[in-house]
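Working notes for the structure below.
Heavy-atom basis, side chains included; hydrogens, waters and symmetry copies ignored. For this chain, numbers begin at 1 and follow the sequence in order.
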Amino acid sequence: MAVTIDLSRRLPIGFQSFAGLRQRGYLYADKTDYVYLLTHSSKSYFLARPRRFGKSLFANTLKAYFEGRKELLRV
């Protein structure tokens with residue numbers, strides 16, 4: 001007996017709130033390790049990404065990191 005799982009409702013299409021994404025259990029690619037590396041290097045970065053490619057969500061992730069919201073970030 002095959003079991004199918006409908007994941008379409010759990011994909012965060014157009015989501016810009018990292019806290020909302022984590023609290024509601026949506027699927028996402030965890031890049032919190034990169035947040036640590038980005039914030040602990042002494043280089044400047046220019047984050048160029050195509051339109052609708054997660055810039056606002058990543059900026060919101062950085063905001064959660066700097067606010068110390070450890071419950072949202074993977075440890």
Side-chain angles (χ1 to χ4, degrees):
M1 180 174 169
V3 177
T4 59
I5 299 171
D6 180 19
L7 297 177
S8 63
R9 295 184 343 169
R10 308 223 358 128
L11 297 175
I13 306 299
F15 230 83
Q16 295 180 0
S17 168
F18 180 68
L21 183 134
R22 294 289 288 144
Q23 291 166 349
R24 291 181 181 94
Y26 283 96
L27 297 174
Y28 77 105
D30 186 358
K31 296 183 179 170
T32 53
D33 289 341
Y34 293 112
V35 171
Y36 178 84
L37 294 173
L38 181 73
T39 58
H40 286 81
S41 72
S42 59
K43 296 180 181 180
S44 297
Y45 292 96
F46 176 71
L47 300 174
R49 297 175 116 180
R51 181 175 174 251
R52 300 194 46 83
F53 210 78
K55 294 180 295 290
S56 296
L57 182 59
F58 187 65
N60 201 268
T61 305
L62 288 173
K63 179 182 175 187
Y65 177 82
F66 285 113
E67 288 177 345
R69 300 192 62 193
K70 294 178 183 180
E71 73 278 6
L72 300 175
L73 302 168
R74 187 172 62 103
V75 180

Under 3.5 Å, which donor-acceptor pairs link side chains of residues 61-69 to any protein atom two or more places apart or in another chain?
unit_1 : atom_1 : unit_2 : atom_2 : d
T61    : OG1    : L57    : O      : 2.8
Y65    : OH     : T39    : OG1    : 3.4
R69    : NE     : E71    : OE2    : 3.4

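- The side-chain heavy atoms of Q23 and L72, taken from C-beta on, include a pair separated by under 4.5 Å.
- Rounding to the nearest 0.5 Å places OH of Y36 at 10.5 Å from OG of S41.
- Residues in residues 33-47 take part in these salt bridge (Lys or Arg N to Asp or Glu O under 4.0 Å) pairs, two or more places apart or across chains: D33-R74.
- What you find for K55 and P50 is that their closest heavy atoms are NZ-O, 2.9 Å.
- N60 places no side-chain N or O within 3.5 Å of a backbone atom of S17 that could act as its donor or acceptor partner.
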